[in-house]
Amino acid sequence: MNERFIKVDGIHICTDSFGEPVNPAILLIMGAQSSMIWWEEEFCQRLAETGRYVIRYDNRDVGRSTTYEPGHPGYTFEDMADDAVRVLDAYKIEQAHIIGMSMGGMLAQMIALRHPGRVLTITLLATSNFAPHLPPMEERIMDFFSNMGVIDWSDKQSVVEFAINRSKILTGSKHICNEKKTGMLAGKEFERSNNIASMSNHALVTGGESYLARTSEINVPALIIHGTEDPIIPYEHAEHVAQEIPGAVLLTLEGAGHELHEDDWDIIIDAVSELTSMPN
């Protein structure tokens, strides 16, 4: 790992990088309640081997970045979008390709509108602009996350079991949940987190509505990647976003859920490589 801490505007952001800094930059933004380690090292390395400089980082309230008291996030989605630009500034990167998963994809859309001069392309993985007419997450998922309060955040095994059960319920029928790997990553996340319980703050963060209502104004090449069996953000969301963003390309992952499964890495990396090779 090439871990690096950025200290700016009163916060700390933990980052990591892969590849050569002279190559075109890709910034990875992970989803809610998940640190950067869920952009697995092998995935990042393989992406870097396409001739890209890949940066991942911990959002606020996860991993080794600044955390807040559980139940009291001291920031908005606009602040989180600006954090991505803070990372680019620290690495002295003027423009980057942005890849966001789930909440990270929402932030990527905001960055493309809030800081258009910094964005070359966006790849939106398992995400949405959350237009009000789109279907909600499945009820079984809401029931699962409503039980987060019973997790013993001080107990590593309790946190690992939660992560494994979460992965099971989010995995599509095409894939098998790799419980051993998920448990290993969750254990690593527990050990490196400043305050693992603070991850629940992401469910309480507000803001972003004014940007997500303007998705059609995004003016960079966009790739939408979505599984047909996503139980958190149903596939209809991807179809809608692909229609909203001018010229967007929709890559459908048949039988995939709300996940970045290793069986789909090849097709995702190939699609991202093609998108990020386009002349600007």
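In this structure the side chain of R114 reaches within 4.5 angstrom of the side chain of E78, judged on heavy atoms. Considering only heavy atoms from C-beta on, R192 comes within 4.5 Å of I37 through its side chain. The closest side-chain heavy-atom distance from E259 to L170 is not below 4.5 Å. Looking at R64 and H12, their side chains never come closer than 4.5 Å, going by heavy atoms from C-beta outward. Side chains of L120 and V220 form no contact here, defined as non-hydrogen atoms less than 4.5 Å apart. Residues I176 and T171 fail the side-chain proximity criterion, which asks for heavy atoms closer than 4.5 Å. Put simply, the side chain of R166 reaches to within 4.5 Å of the side chain of S34, judged on heavy atoms. Looking only at side-chain heavy atoms (C-beta outward), H226 and E239 stay at 4.5 Å or farther from each other.
Contact detail for M103 and A32: the closest heavy-atom pair is CB-N, 3.6 Å. Across all non-hydrogen atoms, the minimal contact from A271 to L251 is CB-CD2, 3.8 Å. Among all heavy-atom pairs drawn from L275 and I122, the shortest one is CD2-O, 3.8 Å. Contact detail for A81 and M110: the closest heavy-atom pair is CB-CB, 4.2 Å. I169 approaches P231 most closely through the heavy-atom pair O-CG, 3.8 Å. Listed here is the closest heavy atom pair of N129 and V241: N-CG2, 3.6 Å.
With hydrogens and angles ignored, the 3.5 Å screen pairs a side-chain donor or acceptor of Q109 with a backbone N or O of S128. E236 places no side-chain N or O within 3.5 Å of a backbone atom of P135 that could act as its donor or acceptor partner. Between the N195 side chain and the E69 main chain, no donor and acceptor come within less than 3.5 Å of each other. Remark: side-chain polar atoms of E20 are not paired, donor with acceptor, to backbone N or O of Y53 under 3.5 angstrom. Checking side-chain atoms of H237 against main-chain N and O of A126 turns up no donor-acceptor pair under 3.5 Å. Not a single donor-acceptor pair under 3.5 Å links the side chain of S167 to the backbone N or O of A163. At distances below 3.5 Å, not a single donor-acceptor pair connects side-chain atoms of E189 with backbone N or O atoms of G63. With hydrogens and angles ignored, the 3.5 Å screen pairs no side-chain donor or acceptor of R52 with any backbone N or O of G19. No donor-acceptor pair under 3.5 Å is formed between the side chain of T121 and the backbone N or O of P221. At distances below 3.5 Å, at least one donor-acceptor pair connects side-chain atoms of S65 with backbone N or O atoms of D58.
Under the 4.5 Å side-chain contact rule for hydrophobic residues, M184 and I164 do not share a cluster. One hydrophobic cluster, built from ILVMFWY side chains closer than 4.5 Å, cannot hold both V160 and W153; they sit in different ones. Following chains of ILVMFWY side-chain contacts shorter than 4.5 Å, one can reach I93 starting from V8, so the two form part of one hydrophobic cluster. Under the 4.5 Å side-chain heavy-atom criterion for Ile, Leu, Val, Met, Phe, Trp and Tyr, V119 and F77 are members of the same hydrophobic cluster. Both M101 and I267 are part of a single hydrophobic cluster, where members link through side-chain heavy atoms under 4.5 Å apart.
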Would you check, one step at a time, whether the test salt bridge (Lys or Arg N to Asp or Glu O under 4.0 Å) holds for E41 with K188?
CA-CA 13 Å; E41 287 191 28; K188 182 177 179 180; 3.4 Å; yes

Tell me, with the steps shown, if I29 and I111 meet side chain to side chain contact (heavy atoms under 4.5 Å, CB included).
CA-CA 11 Å; I29 310 176; I111 297 163; 3.6 Å; yes

Pair D152-S158, side chain to side chain donor-acceptor pair (under 3.5 Å): steps then yes or no
CA-CA 6 Å; D152 181 358; S158 178; 5.7 Å; no

Stepwise, does the side chain to side chain contact (heavy atoms under 4.5 Å, CB included) test hold for V272 with T50?
CA-CA 10 Å; V272 169; T50 67; over 6 Å; no

Evaluate side chain to side chain contact (heavy atoms under 4.5 Å, CB included) for D82 paired with H115, printing each intermediate quantity in order.
CA-CA 8 Å; D82 291 348; H115 303 281; 2.7 Å; yes

CA sep, side-chain torsions, deciding dist, call: F162, F144, ring-ring contact (aromatic ring centres under 6.0 Å, His included)
CA-CA 10 Å; F162 163 75; F144 175 81; 5.6 Å; yes

Decide side chain to side chain contact (heavy atoms under 4.5 Å, CB included) for W265 and L47; before the verdict, give the C-alpha distance in whole Å, the side-chain angles of both, and the deciding distance to 0.1 Å.
CA-CA 9 Å; W265 286 359; L47 194 56; over 6 Å; no

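In this structure, the separation between CG on N194 and OG1 on T67 is 5.0 Å, given to the nearest 0.5 Å. Between atom CG of residue L124 and atom CD1 of residue I218 there is a gap of 6.5 Å, rounded to the nearest 0.5 Å. If you take CD1 on I6 and CG on L88, they are separated by 9.0 Å, rounding to the nearest 0.5 Å. Atoms CD1 and CD1, on I245 and I224 in that order, are 4.5 Å from each other to the nearest 0.5 Å. With values rounded to the nearest 0.5 angstrom, M36 atom CE is found 11.0 Å from L28 atom CG. The OG1 atom of T123 sits 4.5 Å away from atom CD1 of I99, with the distance rounded to the nearest 0.5 Å.
A salt bridge links R60 and D83; the closest N-O separation between the charged side-chain nitrogens and carboxylate oxygens is under 4.0 Å. A salt bridge links D89 with R118: at least one charged nitrogen is closer than 4.0 Å to a carboxylate oxygen. Between D143 and R140, no side-chain nitrogen of the basic residue sits less than 4.0 Å from a carboxylate oxygen of the acidic one, so the salt-bridge criterion is not met.
Summarising the local packing, CG of D155 is surrounded by more than 12 heavy atoms from other residues, nucleotides or ligands at distances under 6.0 Å. In K181, the NZ atom is crowded: over 12 heavy atoms of neighbouring residues, nucleotides or ligands sit closer than 6.0 Å.
Under the 30°/60° scheme for interplanar angles, the aromatic rings of H175 and H261 are found to lie parallel. The aromatic rings of Y68 and Y75 sit tilted relative to each other, their planes meeting at an angle between 30° and 60°.
Partner of V54 under the side chain to side chain contact (heavy atoms under 4.5 Å, CB included) criterion, chosen from P24, S17, C44: C44.
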